[in-house]
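Step one of this worksheet: look at the structure below.
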Amino acid sequence: MTQEIIYPKRFRFHEIQKKWIDYWQKEKINSFDLKDGKNIFTIDTPPPFVSGTLHLGHVLNHSWIDFVARYNKMKGKNVYFPQGFDCHGLPVELAVEKNYGISKNDRENFLAKCFEWVNNNINNMTQQFNEMGYSTDWNYTYRTMDDNYKYKVQWSLLFFYNKGWLYREKFPTHFCVNCETSVAKAEVGYQDEMGKLWFLKLPIVGGDDDYVTIATTRPEYIEACVGVFIHPNDDRYYHLSAAEVQIPLTDRKVKVEIDKNVDMNFGTGIVYCCTYGDEMDIKWKLEHGLDEIQIFTEDGHMNENSRYKGMTILEAQKRIVEDLDELGLIADIKDYEHRIIIHTERSSCRKPVEFLPVYQWFINVKDFTQEIIESGEAIKWYPEKHKQRLLDWCEGLDWNWVISRQRIFGTPIPFWYCKDCGEIIPPKEKDLPLDPVTMQSPLKKCPKCNSFNIEGEKDVCDCWIDSSITPLAISKWLENEDFFEKTYTNASIHRPQGYEIIRTWLFYTLFRCKKLTGKAPFSEIMINGMVAGPDSRKMSKSFGNIVSPDEVMPEFGADAIRQWAAMGSLGDDYPFEYTWINLQSKQPVKEDVIKKKRQRLPENKFNNKYGRRFEQLTGASRFLTKIWNAYRFLRINLDKIKIESIDIDNRKLSPIDTFIFSEYNQILRTISNHFDEYNWHEGFALLRPFFWNDICDNYIEAIKYKFYSEDKQTQENALKNALNLFYQILKLFAIIMPFIAEEINFLLFNKFKKIPSIHLEKWPLTYENLSEDLIEQGRIGIELIKRLRTIKSSLKLPLNEEISRIALIAEKNILEKLEGLKEDIENTIRIKKLDVIDKVEEKNIKDRPDFKDIFKAFDIKIYFYR
RNA sequence: GUGCCCGUGGUCUAGUGGUAUGACGUCCGCUUGACGUGCGGAAGGUCGAGAGUUCAAUCCUCUCCGGGCACACCA
């Protein structure tokens, strides 16, 4: 090791990170060993979607996961910590279409390119995980697009089919006409939008210039109108109850029907029912046996049932309104704020969702929500409050799970069906995994109707079908019975995730794993919040408050960013703070100024003029520098003073040593308690000031002089005690800041501790058998030293200036203690002569001090002579 | 609309039935034999607003305001 590496004033994280990432990999420091089959603690980590880069949300989430892994390892558990990737999804298809210009019709090539694109992204993301200091064992990674993974997914579908929980049916489902696929209820959300409410006049058949007027936000649905509804108690329209109305722009007539679900107070109190405008329309259609007239195509245009065929839905709306107006059938138009259903699960879409009746595959979940609730109740939640989200979702669920997606890059739904009678033909188990598009059905003839018109399913699975068996995938279910028993059946399984996917990932995983194995997967769950920008709004492109890890990682390093993550509070959203500054003046700039400038200036000019200051990370970096310098100081002394071990003899502790050890004991216990609850914030918030103030500013300052002592034994003991304590603290640091901990471990402790990594260490123990008397004496010493330094500072004296004399005047019972501290105080404060005087002698002191002070806590008077 | 969470010095954050923790920033002093990305110190808060319970409330209750999330929904 060269001097260069040992003594730089700053922690050089760039080279150090790289060095340890390679070393940990080479030496298999993070390897999981099943042989110790007892006490296995499995972490079922969220597989990130393979967008190609990690964002700060991932950094927060996965830093915490890494803390969980490292902490539990240190606590003696055999931690199984794999990390996989969620590969399938629309964004992959879009990226491949865009970047390679390959059409989906060229199915084979297209899928190959999807695979390639995903693989590149995974390589990138794997590297980012490593740069975070993520301690997963990559030998157990998985990709949801792998055959081996698909096998499990398809096997599970076959199992569900055999149980009668998987079925195919033509049913109106949420359908994103932008993404051209059906989506699950869990993937849609509502968005407020300023729209219009149109009052349309529908002519009454046989009535002379007589109309019913309905109010609607969707006039483009008029051609699909199959009924008009009024409320049974609505006196205003009593006379209409048997009437028929003519649907404008069509040659159809529909009946006026009565239903109590009509809201009399909305609009005119009359509503038209269309196929399928919304969930209410679906219910009415089924209950009243109405016709079905579908007017939209799957890509969001009008179909052959409409005279506006070929137009987009929006274009059609415009034309329909114009046409109705021309016919004089528009009674009124009002501005109206309403909520539209949009595709929210992929934030890049957020386009309106329609209901389309197409053949879909469904899994019955409605009948099992009670069971899911039970699995949820059995989990220990960190924090408890988020359990309610799962329970609410279960209790409110009234739709089954649409699992089919009209896409091609996904796990194929491994079934065939008869095009004539709809009979489903399941695959043979031995043929899995398979793609029914390219593979022949096991039966040539429909077993029900003898038709030969058999078709392989083209649709693929919802991504949540892939990801909701992650606990089974990582435990080698269906693959290795022994491994499965140890890492699933008999393990405690920890599930870390954000609260936003409780109703999806958690819900589906609880459901499917229980059904497939008989055992609910999780014993505990740790919930993280979302990362917000400084405006405390969720980070998103549309708010312009995004910070990418790539922006901050090169400047601050993983250990600093992990400290930021550690300071986030359990289950709550957490802002990533920054301030815009003018790079020349270094002055803060307001957000709205930035917004304007960003629009006006070209990007490079803007970037030259303005930058962001990351205060939280600055603080984190300083802490790293502090730790680094504490190491340097001890290292310099270790080079001078020869010691054989850092084992300490409790009987040879000074009062100051005893006191700081006792303080450490307390801190350690409290931190353990917080970490046991996965409360990283509180634990780290204690650790930082303890190390900085108590250890560095007070303890090290107070023992420093011993390193220059004439007495070898004094030197050795002081250094041993300090190193021993530092090593304990380093183990605590290792969880949050794995790189600096490992670096210092090697530079400072390698010759004492013959272990290949500090990350294989056990959680530290407290120091036992400390003398209460010495603790108290040490406390007085430290407090006095602090006080005397403050006095020096307030007198504007440089800290190294020697004081000619100080007298401490105290009660008899404390005198003895002070005598024992004399040397520590004299040397640390630099006093030529320190006198300890009995209070009864005080009146005999003749010289007037330059400064007088009383230290109330111990009733000690301080006479200070410059 | 219903439910849950949140609102603490300039910013973020901890916490408690007896007016408050830490970080970053600001100001003052000190280049100490690890560290000026340091050390010592200071300023800065009616703990969202109002009402109630209490000897006492930032902490408990209610109402309101503001923010977030979830669920429901009138077309």
Side-chain angles (χ1 to χ4, degrees), chain A residues 7 9-11 189-190 197-198 214-219 221 228-229 261-274 277-281 284 336 338-339 383 385-393 395-398 499-500 502-503 529-530 532 534-538 563 567-569 571-579 588 613-637 679 681-682 684-686 688-689 692-693 696-697 700-701 704-705 707-708 786 789-801 828-830:
Chain A
Y7 294 121
K9 280 192 177 181
R10 308 270 178 262
F11 173 57
Y190 294 87
L197 191 60
W198 281 274
I214 58 105
T216 179
T217 56
R218 303 290 306 268
Y221 260 110
V228 170
F229 282 82
N261 281 314
V262 176
D263 180 353
M264 291 193 283
N265 299 317
F266 186 87
T268 58
I270 311 177
V271 56
Y272 73 0
C273 169
C274 310
D278 59 28
E279 290 169 37
M280 200 61 230
D281 288 351
W284 278 334
Y336 180 65
H338 64 140
R339 290 193 169 173
K385 66 182 178 189
H386 283 297
K387 183 162 82 182
Q388 204 53 42
R389 282 180 196 251
L390 178 72
L391 303 185
D392 286 349
W393 177 252
E395 276 155 14
L397 195 83
D398 57 357
Y499 62 70
E500 88 286 11
I502 286 174
R503 64 182 190 164
M530 305 295 105
D535 49 2
S536 73
R537 290 191 298 182
K538 204 191 281 185
Q563 283 180 67
M567 291 304 286
S569 62
D572 290 332
D573 288 352
Y574 182 44
F576 191 87
E577 282 297 308
Y578 60 78
T579 314
R613 193 168 62 194
F614 301 97
E615 287 96 345
Q616 289 162 310
L617 295 180
T618 308
S621 295
R622 291 201 180 144
F623 189 46
L624 290 171
T625 306
K626 191 68 193 174
I627 297 169
W628 185 248
N629 278 301
Y631 142 73
R632 282 177 70 215
F633 179 62
L634 293 173
R635 173 70 203 218
I636 287 165
N637 288 296
N679 192 342
H681 177 119
E682 292 232 28
F684 189 67
L686 283 170
R688 185 185 143 115
W692 201 317
N693 305 123
C696 292
D697 297 347
I700 293 184
E701 287 299 324
K704 218 179 216 178
Y705 77 93
F707 297 149
Y708 312 102
K786 271 161 77 173
R789 289 173 93 193
T790 306
I791 293 173
K792 258 177 121 170
S793 170
S794 69
L795 295 174
K796 301 191 176 171
L797 296 173
L799 288 173
N800 63 340
E801 189 167 308
T828 305
I829 303 296
R830 294 182 194 223

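Throughout, a chain's letter reflects where its sequence line sits, starting with A, and its residues are numbered from 1.
Base pairing of A70(B) is made with U2(B), judged by Watson-Crick or G-U wobble geometry with both donor-acceptor distances under 3.5 Å. With a cut-off of 3.5 Å on both Watson-Crick or G-U wobble distances, the partner of A43(B) is given as none. Summarising the base pairing, G52(B) is matched to C60(B) through a Watson-Crick or G-U wobble pair whose two defining distances lie under 3.5 Å. Summarising the base pairing, C35(B) is matched to no nucleotide, lacking a Watson-Crick or G-U wobble pair whose two defining distances lie under 3.5 Å.
Contact annotation for R688(A): backbone-only contact, meaning every heavy-atom pair under 4.0 Å involves sugar-phosphate atoms and none involves a base. Note on G277(A): nothing from the nucleic acid sits closer than 4.0 angstrom, heavy atoms only. Here A685(A) lies out of heavy-atom contact (under 4.0 Å) with every strand.
Listed nucleotides G38(B), C30(B), A34(B) differ in distance to P798(A); the shortest reach to its side chain belongs to C30(B). For K626(A), the side-chain atoms get nearest to C35(B) when compared with the rest of U37(B), C35(B), U13(B).
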Hey, what are the protein-to-nucleotides 14-17 of chain B N/O distances that come in under 3.5 Å?
from	atom 1	to	atom 2	distance (Å)
A14(B)	O3'	E682(A)	OE2	3.0
G15(B)	OP1	E682(A)	OE2	2.5

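Remark: ring of Y708(A) overlaps the six-membered base ring of G33(B) in a stacked fashion, centroids less than 5.5 Å apart, planes less than 30° apart.
The backbone N or O of E801(A) lies less than 3.5 Å from a partner atom in the side chain of K792(A), making a donor-acceptor pair.
Between R613(A) and C12(B), a side-chain N or O to OP1/OP2 separation shorter than 4.0 Å is absent.
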